[in-house]
Amino acid sequence: MAWIIAYMRVVFCLLLLIPLVVMAVSDMRRREVGLLWMVAFILGSLAFSAWTNGWRTMAVNVLWNALLVCYLSLGIIVYLLLRCGRWINPFKGHAGEGDLLLALGMAPLFAPAEYLHVILAGLAVSLLWWVAMAVGRRKKASVPLVATMGVTTGVYLIYCSI
């Protein structure tokens with residue numbers, strides 16, 4: 001019976017990768033993400049977390065990880081204030097709504113320490129992407145954060161489910 005539950009966990013995890021892959025490809029190509037795919041990922045991550053961890057653990061993970069996202073967002077806002085000397089909306093040219101939704105959608109999947117590791121790994125992959133795209137270009141390179149964070153999350157989910 002235990003092998004059936006383990007098998008279902010792997011299948012559920014692989015199903016959760018479908019919206020991540022679609023959003024990553026869309027973000028790489030058009031720099032936009034479909035809302036339905038984002039909703040599918042968020043609902044899937046909530047269901048996956050509730051099934052594997054239970055409702056209480058999922059709620060605690062969502063709360064702490066959402067607080068971490070708020071803390072990181074506050075850091076970005078303070079950085080932009082110091083850099084520009086005035087209030088700048090971070091969603092106008094610096095980050096997208098999809099980036100924030102993906103970060104919040106990932107919240108139920110991980111305990112706070114794991115979540116921090118996945119976020120930092122995703123940001124490191126994003127930085128490497130930016131360096132690779134910026135080398136030899138005069139035009140400013142943008143970072144498809146949903147794609148890089150999605151790939152990082154997908155790789156971590158596959159690693160944990162094996």
Side-chain angles (χ1 to χ4, degrees), residues 9-49 51-52 58 61-62 64-80 83-84 88-162:
R9 179 182 165 97
V10 171
V11 169
F12 204 151
C13 182
L14 291 175
L15 287 174
L16 195 56
L17 294 178
I18 293 170
L20 275 177
V21 169
V22 171
M23 289 187 301
V25 169
S26 174
D27 195 29
M28 290 282 203
R29 287 186 180 167
R30 297 186 310 267
R31 304 289 298 136
E32 64 183 34
V33 178
L35 182 61
L36 291 178
W37 288 109
M38 184 65 75
V39 169
F41 173 72
I42 292 170
L43 292 177
S45 68
L46 286 168
F48 181 72
S49 180
W51 181 63
T52 57
M58 181 197 71
N61 289 346
V62 168
W64 282 109
N65 294 340
L67 286 173
L68 179 64
V69 168
C70 290
Y71 179 73
L72 293 173
S73 299
L74 182 65
I76 291 169
I77 290 169
V78 168
Y79 166 76
L80 289 173
R83 182 172 180 237
C84 302
I88 292 183
N89 185 352
F91 294 113
K92 300 262 190 219
H94 297 284
E97 292 88 359
D99 302 334
L100 179 63
L101 285 175
L102 181 70
L104 291 173
M106 291 167 35
L109 296 174
F110 306 106
E114 281 181 311
Y115 185 72
L116 184 59
H117 293 150
V118 172
I119 290 285
L120 291 176
L123 292 174
V125 169
S126 299
L127 184 60
L128 291 173
W129 174 269
W130 178 78
V131 168
M133 293 295 109
V135 171
R137 290 187 180 185
R138 292 183 184 182
K139 192 172 102 172
K140 217 194 245 186
S142 65
V143 178
L145 193 60
V146 169
T148 55
M149 294 290 283
V151 167
T152 306
T153 302
V155 168
Y156 192 80
L157 286 174
I158 291 170
Y159 173 76
C160 288
S161 68
I162 294 177

For this session: Look at the aromatic rings of Phe48 and Phe12 and report parallel, tilted or perpendicular, splitting at 30° and 60°.
Result: perpendicular
For this session: In sequence, state the C-alpha distance, the side-chain angles, and the governing distance for Val33 and Leu101, and then conclude on side-chain contact (heavy atoms from CB on, under 4.5 Å).
Result: CA-CA 10 Å; Val33 178; Leu101 285 175; over 6 Å; no
Exercise. Taking all non-hydrogen atoms of both residues, which atom of Trp130 and which atom of Val143 are closest, and how far apart?
Worked result: CB-CG2, 3.5 Å
For this session: Write down the atom of Met58, the atom of Leu46, and the distance for their closest heavy-atom approach.
Result: SD-O, 3.3 Å
Seminar exercise, completed: For Leu14, the side chain to side chain contact (heavy atoms under 4.5 Å, CB included) test, sequence neighbours excluded, returns Val10, Leu17
Problem set entry | Arg29: side chain to side chain contact (heavy atoms under 4.5 Å, CB included) partners, not counting sequence neighbours | Val25
Seminar exercise, completed: salt bridge (charged side-chain N to carboxylate O under 4.0 Å, His left out) pairs touching residues 71-80, sequence neighbours excluded, are none
Exercise. Do Leu20 and Leu102 pass the side-chain contact (heavy atoms from CB on, under 4.5 Å) test, and can you show the C-alpha distance, the side-chain angles, and the key distance before you say yes or no?
Worked result: CA-CA 9 Å; Leu20 275 177; Leu102 181 70; 3.9 Å; yes
Problem set entry | Residue list, salt bridge (Lys or Arg N to Asp or Glu O under 4.0 Å) with Arg31, at least two apart or on another chain | Asp27
Seminar exercise, completed: Output for pair (Cys70 SG, Leu100 CG), nearest 0.5 Å, gives 8.0 Å
Problem set entry | Partner residues of Leu15 under the side chain to side chain contact (heavy atoms under 4.5 Å, CB included) criterion, sequence neighbours left out | Val11, Ile18
Residues 150-159 side chain polar contacts: donor-acceptor under 3.5 Å, at least two apart:
from   : atom 1 : to     : atom 2 : distance (Å)
Thr152 : OG1    : Thr148 : O      : 2.7
Thr153 : OG1    : Met149 : O      : 2.8
Tyr156 : OH     : Glu114 : OE2    : 2.9

Problem set entry | Atom of Met38, atom of Gly98 and distance for their closest heavy-atom approach | CE-O, 3.4 Å
For this session: Output the distance between atom CG (Leu128) and atom CG (Leu123), rounded to the nearest 0.5 Å.
Result: 11.0 Å
For this session: Taking salt bridge (Lys or Arg N to Asp or Glu O under 4.0 Å) as the test, write out the residues that go with Glu97, two or more places apart.
Result: none
For this session: Sequence neighbours left out, what passes side chain to side chain contact (heavy atoms under 4.5 Å, CB included) with Asp99? Give chain and number order.
Result: Ala95, Leu145, Val146
For this session: Can you tell me which residue pairs pass the side chain to side chain donor-acceptor pair (under 3.5 Å) test with a partner in residues 36-49, sequence neighbours excluded?
Result: Ser49-Asn53
Seminar exercise, completed: Tightest non-hydrogen contact, residues Ala111 and Asn61, listed as CA-OD1, 3.6 Å
For this session: Quick one: list whatever passes ring pair (Phe, Tyr, Trp, His ring centres under 6.0 Å) with Phe41, sequence neighbours left out.
Result: none
